[in-house]
Number of protein chains: 2
Amino acid sequence: MSEVPEPRVSLNEVAYRRLRSEIITCRLAPGQRLTEKQLAADLGVSTAPLRDALTRLDHEGLIHTVPFKGYRVAPLTPRSIDDLFVVWRIIGPEVIRLGMTRASDDQLAAARAAFDEMGDRVPGDAGAVHDIDLVNATFGTLAEATGNDYLVTVYRRLMGDMSRIRALRLTSEVDDPSATSEGHWVRHVLAERDPDRAAEQARRHIDEVHQRVLQAVVRWPSVMSSEVSVSQPR
Amino acid sequence: MSEVPEPRVSLNEVAYRRLRSEIITCRLAPGQRLTEKQLAADLGVSTAPLRDALTRLDHEGLIHTVPFKGYRVAPLTPRSIDDLFVVWRIIGPEVIRLGMTRASDDQLAAARAAFDEMGDRVPGDAGAVHDIDLVNATFGTLAEATGNDYLVTVYRRLMGDMSRIRALRLTSEVDDPSATSEGHWVRHVLAERDPDRAAEQARRHIDEVHQRVLQAVVRWPSVMSSEVSVSQPR
DNA sequence: CCGCGAAATGTCGCAGGCAAAGAATGGAGC
DNA sequence: GCTCCATTCTTTGCCTGCGACATTTCGCGG
């Protein structure tokens, strides 16, 4: 009925999305120095839209800017990772609780359907989804179900940073086969509509992931951005 | 003796600070349309640094941008206000709890001293501080005491939006003389170092303010930005 | 009264110049 | 001969002005 009207998108938007994607997938390593001209050349845009993107990412926390000096990808240290989990542990369960109380039946059914669909993908596939992706997607839809735009914004940003952690090569440790098994807790939570229990399950899940990531960080401290010296771009 | 190193500040920074100040004090009314040239002329800067500031404020949620159409100050509706309080209620108490557990004795003493100093100001003075300012300042120092930079960032943004609500003329309703009396709860909380109790007190405080603001909004719906948000489908 | 097209308003993006920070170089002192 | 410091030079972020495109508005014709 409605032709997608080709949502014209500004260049600063594509620069932002692309740069953000490069960062949260760690193709641009944490701590790496960034220069305007180099990035502009790589992205095929001028400095103006690029600066726009850099500004947004700085305010988002993915880039650190030192005025008149330069930009660099926000370092990812054990400390910052821990900070992130602390905040996630505070907000995450409450998002779930609120979502479970406020979501309509349709929204809940949609979340359940989305979860099942994603879960059906075969592990090992190119587009295979990790357990964290699965849970995050469900959490995201529930956050939207709260109807609280502010909360959604905060949570989205949180999930973005979370993706960056996952993009490190810790995934093999983080992934837990048992978590993706049939009787996944998310399935139960989405079925029974018990806000308190759902929040508790979410908290437990977050704590588990936190512990696993902590152990992984201890095992591979090399992936952290300990040295941020002059690394020539490209 | 101590030469102030004159921290060179970029134009986009002054544009950002000034524009943000104009917004959170509601000198720029919620929902008001903004044009680049007008603002650039008012602030005495060119369009480039202004756009930088606008971008940051948009990402911060204080400005809504529609690509290729224009900017406007983020509307302030009863709904958005409620959203804000919901998030504050989630984060605030945990910030206090974490601050009370992690803060050093010196930090706690500093927070207490700052609170007493601010509280000593005579009501009615030009620089008189409202109860909310008082509490927010204390909360802010405690947030920093957590050592969690991420949490501090989130909380700072929250406090900014809170200022905007207070800047509406609801203050006379929001202010409660009893709250600023001698035995203020913050004083007790800062003295005894009981994280759980502190968090509980904070939660209670937030709920009280929430209720008062709600009542004020009901009494004066006129200050809300109801007339401008035509094209704002949620 | 309604649809259509052209002017006006305003945003988006580019190229270039300016100034500051850091790197490189040359010279003086030990 | 080595080290340290001052100066020069290059890199790089910051900003101004202008031109191009999109959106809205207004006027004309039907």
Side-chain angles (χ1 to χ4, degrees), chain A residues 3-20 23 28 31-60 62-74 227-234, chain B residues 3-20 23 28 31-59 62-74 227-233:
Chain A
E3 276 289 335
V4 175
E6 180 169 354
R8 173 175 180 80
V9 62
S10 52
L11 265 190
N12 64 52
E13 185 68 23
V14 324
Y16 167 75
R17 292 184 190 173
R18 200 162 157 165
L19 197 49
R20 182 185 151 91
I23 291 176
L28 284 175
Q32 178 170 342
R33 173 113 187 261
L34 302 176
T35 68
E36 289 183 349
K37 288 177 183 173
Q38 185 62 47
L39 280 180
D42 290 349
L43 297 177
V45 299
S46 183
T47 59
L50 175 69
R51 275 182 58 79
D52 208 277
L54 287 171
T55 300
R56 291 164 71 177
L57 289 168
D58 172 70
H59 207 280
E60 195 172 346
L62 289 177
I63 279 183
H64 286 182
T65 303
V66 182
F68 304 99
K69 283 192 58 179
Y71 314 87
R72 63 180 51 222
V73 180
E227 35 76 39
V228 281
S229 63
V230 212
S231 56
Q232 34 79 24
R234 292 193 65 90
Chain B
E3 276 293 333
V4 176
E6 184 175 351
R8 174 181 171 81
V9 61
S10 53
L11 268 190
N12 64 52
E13 186 67 24
V14 323
Y16 167 75
R17 291 183 190 174
R18 202 166 154 155
L19 196 50
R20 182 185 150 91
I23 292 176
L28 284 176
Q32 179 172 340
R33 176 112 187 260
L34 302 175
T35 67
E36 289 182 348
K37 287 179 183 174
Q38 184 64 46
L39 279 180
D42 291 348
L43 297 178
V45 298
S46 184
T47 59
L50 173 70
R51 290 197 62 228
D52 208 275
L54 286 171
T55 300
R56 290 164 72 176
L57 290 168
D58 171 71
H59 205 279
L62 290 177
I63 280 184
H64 285 183
T65 303
V66 183
F68 301 98
K69 282 191 57 179
Y71 315 88
R72 65 178 51 222
V73 181
E227 74 276 20
V228 259
S229 55
V230 184
S231 56
Q232 287 294 333

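First the proteins, then the strands, lettered A, B, ... as listed; each starts at 1.
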query = Considering residues at least two apart in sequence or located in another chain, which fulfil the side-chain contact (heavy atoms from CB on, under 4.5 Å) criterion with Arg17(A)?
reply = Val9(A), Glu13(A)
request  = Describe the nucleic acid contact of Leu34(B) in one word from base, sugar-phosphate, nothing, applying a heavy-atom distance below 4.0 Å.
outcome  = sugar-phosphate
message = Output the rounded distance in Å from CG (Leu50(A)) to C1' (dT12(D)).
response = 13 Å
remark   = Across all chains, not counting sequence neighbours, the side-chain contact (heavy atoms from CB on, under 4.5 Å) partners of Leu11(A) are Val14(A), Val45(A), Pro49(A)
query = In whole Å, what is the span from the OH atom of Tyr71(A) to the C1' atom of dA21(C)?
reply = 14 Å
ask   = Are Leu39(B) and Leu54(B) side-chain neighbours, meaning at least one heavy-atom pair lies under 4.5 Å?
value = yes
Could you list, one pair per line, each protein nitrogen or oxygen that sits under 3.5 Å from a nitrogen or oxygen of nucleotides 16-25 of chain D, together with the distance?
| from | atom 1 | to | atom 2 | distance (Å) |
| --- | --- | --- | --- | --- |
| dT16(D) | OP2 | Ser46(B) | N | 3.3 |

key: Donor-acceptor pair, side chain of Asp58(A) and main chain of Thr65(A), under 3.5 angstrom   = yes
query = Given atom CZ of Arg56(A) and atom C1' of dC12(C), what is their separation to the nearest angstrom?
reply = 14 Å
key: Integer-rounded Å distance: dG13(D) P and Glu13(B) CD   = 17 Å
message = On the nucleotide dC12(C), are OP1 or OP2 found under 4.0 Å from the side-chain N or O atoms that Asn12(A) carries?
response = no
key: Length of the line joining Ile63(B):CD1 and dT11(C):C1', which is rounded to integer Å   = 14 Å
key: Whole-Å gap separating C1' (dT11(D)) and CD (Glu36(A))   = 12 Å
Partner residues of Thr47(B) under the side chain to side chain donor-acceptor pair (under 3.5 Å) criterion, sequence neighbours left out = none
task = Go through the structure and list residues passing side chain to side chain donor-acceptor pair (under 3.5 Å) with Tyr71(A), not counting sequence neighbours.
result = Glu36(A), Arg51(A)
message = If I take atom NZ in residue Lys37(A) and atom C1' in nucleotide dC15(D), what distance separates them, rounded to the nearest angstrom?
response = 14 Å
inquiry  = Looking at dC12(C), I'd like to know if its phosphate oxygens (OP1 or OP2) sit under 4.0 Å from a side-chain N or O belonging to Arg51(B).
reply    = yes
request  = Provide, to the nearest angstrom, the distance between the CG atom belonging to Asp52(B) and the P atom belonging to dC12(C).
outcome  = 13 Å
ask   = Excluding sequence neighbours, so at least two apart, what forms side chain to side chain donor-acceptor pair (under 3.5 Å) with Ser46(B)?
value = none
